[in-house]
Asks: 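The structure under discussion is supplied below as structure tokens; questions concerning it will follow.
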Amino acid sequence: MANIRTRETASGPRYDVKFTFNGKHRMKTFRTFEDARAYKKKVEGEQLAGLVVDPKGGERLFGPFADSWLEHRLVRGRPLTPATKQGYRAVLRRHLHPEFGGTKLRQITPERVRLWHAGLSLASRDQAAKSYRVLRAIMNTAVSDGLITRNPCTIRGAGIEHAPERPMLATTTVLELAGSIEPRLRCLVLLGGFGGLRTGELLGLQRRDIDPLHGTVAVVRQSHEITGQGRIFTAPKSDAGYRTLALPSLVLADLEQHLSDYVEVRPDAPLFTRPSGLPLRRADLSRAWRDACDAVGVTGVRPHDLRHHAATVIARNPNVTLRELMAAIGHSSPVAALRYQHATAERSKAIASYLDDVIESARSAQESVRIPRRP
């Protein structure tokens, strides 16, 4: 329990409230006995409820605390991916450290957060939302660690980004892009547009991930480019990211030819490379993608929109359940049980067959669309 000790100083009496926090002795001093007694009651009540806050914790500077938070951050029990950590580090460097780095945790008030967020929103609403989410997460940890009593991030909806709706690619456009991009990347467009793979998953594919006999591709890794580390591999984005997909016959036929023309025979050979044979980089893909879009006459689309096309087309099949759709594109459900449920191989084959029908319909509807076959 807490106790009060009175002592005389040159400027008058002082009242020290002493108590124990996590096995360590703590003390806070007040000018009046009434304030000391009120704080003593507060501490004793929090001790009974298990909510005692370290009075010295709020003295810690935000900058070092945030850096430590980033190094030890876990999401669903897993460390942050290098790419996510790199993004968080950029947010800290650009928007949080300049404003709060030298500030004590207890001095970050709701008013200060509100003024900072308002100023940043004038420059970029999306950056303001991203930065606010990171700040709120850091301060939530400070609360749970018993360093401060409440999170000063109290602005409703401030962490929500209002990104514009992404364009929906037509199936004929996906085929046109596949036919217009440089030949060594045609299968990348097809796998993205009809397999629903993320860009990092596409760039992480290796020869051993393709099973021509069973007509499948296995997603078991992602490729990232991290400042200071170069190209690295990580696990998929979540447990649901590990998946084996049956491929439509058109995609499989082109993929088999691609393996013969562009991929070395060793099992770990990258599936997509530069003309030099080195692994394809995102910058290489961006240049080739822009050229293909210019040739087709489409604007404002990104390689990731191929994945959106695949998910939308699959979802249109009335026989595909939500669980099967999530399994096909590697999404985790907010319902924990669904993370451990997987689509059967038979249903995956059915999805591939359905995509065949969609592709053939698109090709029939637009006779000008042709993916040139290699001799």
Side-chain angles (χ1 to χ4, degrees), residues 61-71 73-75 79-105 107-143 148 150-169 192 198-200 203 222-229 234 237-238 281-287 289-290 293-294 298-309 311 331:
L61 296 180
F62 174 85
F65 181 78
D67 290 337
S68 176
W69 172 89
L70 180 58
E71 290 306 312
R73 174 71 167 167
L74 298 176
V75 177
L80 298 177
T81 66
T84 300
K85 185 174 287 189
Q86 180 172 261
Y88 280 9
R89 190 172 287 116
V91 168
L92 288 172
R93 183 180 68 253
R94 295 171 185 167
H95 304 303
L96 296 183
H97 281 331
E99 176 68 26
F100 303 110
T103 303
K104 296 176 181 179
L105 292 174
Q107 293 176 333
I108 301 178
T109 63
E111 180 185 20
R112 185 168 176 182
V113 171
R114 186 172 63 255
L115 293 174
W116 160 80
H117 180 265
L120 185 55
S121 296
L122 293 176
S124 171
R125 291 183 63 187
D126 286 348
Q127 286 299 312
K130 291 177 182 177
S131 301
Y132 182 86
R133 288 201 305 272
V134 176
L135 176 62
R136 183 176 58 197
I138 293 171
M139 301 307 285
N140 271 337
T141 300
V143 172
I148 55 177
R150 63 190 293 265
N151 193 327
C153 299
T154 58
I155 308 171
R156 181 172 298 180
I160 300 175
E161 293 180 59
H162 301 278
E165 186 73 19
R166 294 303 306 161
M168 175 57 195
L169 292 173
R198 300 175 175 89
T199 302
L203 296 178
Q222 295 186 96
S223 174
H224 301 282
E225 294 176 27
I226 305 301
T227 302
Q229 298 183 49
T234 68
K237 190 173 182 179
S238 65
R281 299 185 62 184
R282 286 179 182 263
D284 304 319
L285 174 59
S286 295
R287 285 190 292 270
W289 178 259
R290 285 196 300 268
C293 288
D294 290 343
V298 296
T299 59
V301 297
R302 304 175 303 191
H304 189 74
D305 293 324
L306 294 169
R307 172 174 165 81
H308 181 53
H309 168 268
H331 265 182

Asks: Which distance, rounded to the nearest 0.5 Å, do you find between the CG of Leu203 and the CZ of Arg198?
Replies: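 Taking CG in Leu203 and CZ in Arg198, the distance rounds to 13.5 Å.
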
Asks: Which atom pair, heavy atoms only, marks the closest approach of His117 to Ala128?
Replies: CD2-O, 3.8 Å

Asks: So how far is it from Thr109 OG1 to Arg150 CZ, rounded to the nearest 0.5 Å?
Replies: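 Reported value, rounded in 0.5 Å steps: 9.5 Å.
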
Asks: Which atom pairs, donor and acceptor, lie under 3.5 Å between side-chain atoms of residues 85-92 and protein residues at least two apart or in another chain?
Replies:
unit_1, atom_1, unit_2, atom_2, d
Gln86, OE1, Thr227, N, 2.7
Gln86, OE1, Thr227, OG1, 3.1
Arg89, NH2, Glu71, OE2, 3.1

Asks: Which pairs pass salt bridge (charged side-chain N to carboxylate O under 4.0 Å, His left out) with one or both residues in residues 112-121, sequence neighbours excluded?
Replies: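 Checked against salt bridge (charged side-chain N to carboxylate O under 4.0 Å, His left out) - neighbours excluded - the pairs reaching residues 112-121 are Glu99-Arg112.
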
Asks: What distance separates His308 NE2 from Met168 CE, expressed to the nearest 0.5 Å?
Replies: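 So the NE2 of His308 and the CE of Met168 are separated by 6.0 Å.
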
Asks: Kindly list each side-chain donor-acceptor pair under 3.5 angstrom involving residues 151-159, sequence neighbours excluded, with atom names and distances?
Replies:
unit_1, atom_1, unit_2, atom_2, d
Asn151, OD1, Cys153, N, 2.8
Asn151, ND2, Arg136, O, 3.1
Asn151, ND2, Asn140, OD1, 2.8

Asks: What is the distance from atom NZ of Lys130 to atom CZ of Arg125, rounded to the nearest 0.5 Å?
Replies: 13.5 Å

Asks: Which label fits Phe62 and His97: parallel for a plane angle under 30°, tilted from 30 to 60°, or perpendicular past 60°?
Replies: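 The arrangement is perpendicular - the two ring planes meet at more than 60°.
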
Asks: Can you sort out the partners of Thr299 under side-chain hydrogen bond (donor to acceptor under 3.5 Å, both in side chains), two or more places apart, ordered by chain and number?
Replies: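 Thr299 satisfies side-chain hydrogen bond (donor to acceptor under 3.5 Å, both in side chains) with no other residue.
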
Asks: To the nearest 0.5 Å, what is the distance between CD1 on Ile138 and CZ on Arg73?
Replies: 8.5 Å

Asks: Taking everything shown except Arg133 itself, do over 12 heavy atoms lie less than 6.0 Å from its CZ?
Replies: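 Yes, the 6.0 Å shell around CZ holds more than 12 heavy atoms from other groups.
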
Asks: Sequence neighbours left out, what passes side-chain hydrogen bond (donor to acceptor under 3.5 Å, both in side chains) with Thr84? Give chain and number order.
Replies: Thr81

Asks: Between Ser131 and Arg94, is any pair of side-chain heavy atoms under 4.5 Å apart?
Replies: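 Ser131 vs Arg94: side chains apart.
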
Asks: Once side chain to side chain contact (heavy atoms under 4.5 Å, CB included) is applied, do any residues pair with Arg290, and if so which ones, sequence neighbours excluded?
Replies: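 Testing Arg290 for side chain to side chain contact (heavy atoms under 4.5 Å, CB included), a comparison that skips the adjacent residues, returns Ser286, Arg287.
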
Asks: Measuring only between side-chain heavy atoms, which start at C-beta, is Arg307 closer than 4.5 Å to Thr199?
Replies: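 A side-chain contact under 4.5 Å is absent here.
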
Asks: Would you indicate whether the side-chain heavy atoms of His224 and Gln229 approach each other to under 4.5 Å?
Replies: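 Side chain of Gln229 against side chain of His224, heavy atoms only: no contact under 4.5 Å found.
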
Asks: Using only atom types and a distance under 3.5 Å, with no angle test, would you say the side chain of Trp116 pairs donor to acceptor with the backbone of His95?
Replies: yes

Asks: Looking at Val301 and Trp289, what are the two nearest heavy atoms and their distance?
Replies: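 Taking Val301 first and Trp289 second, the nearest heavy atoms are O-NE1, 3.0 Å.
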
Asks: Please check if the side chain of Ser124 supplies one atom and the backbone of Leu120 the other of a donor-acceptor pair under 3.5 Å.
Replies: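 Not at all, since once roles are kept as given, no pair shorter than 3.5 Å links the two residues.
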
Asks: With a 3.5 Å distance limit and no angle check, can you tell me whether Glu225 reaches the backbone of Arg282 through a side-chain donor-acceptor pair?
Replies: yes

Asks: Can you tell me how far the OG1 atom of Thr234 sits from the CG atom of Leu80, to the nearest 0.5 Å?
Replies: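 Going from OG1 on Thr234 over to CG on Leu80, the span is 11.5 Å.
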
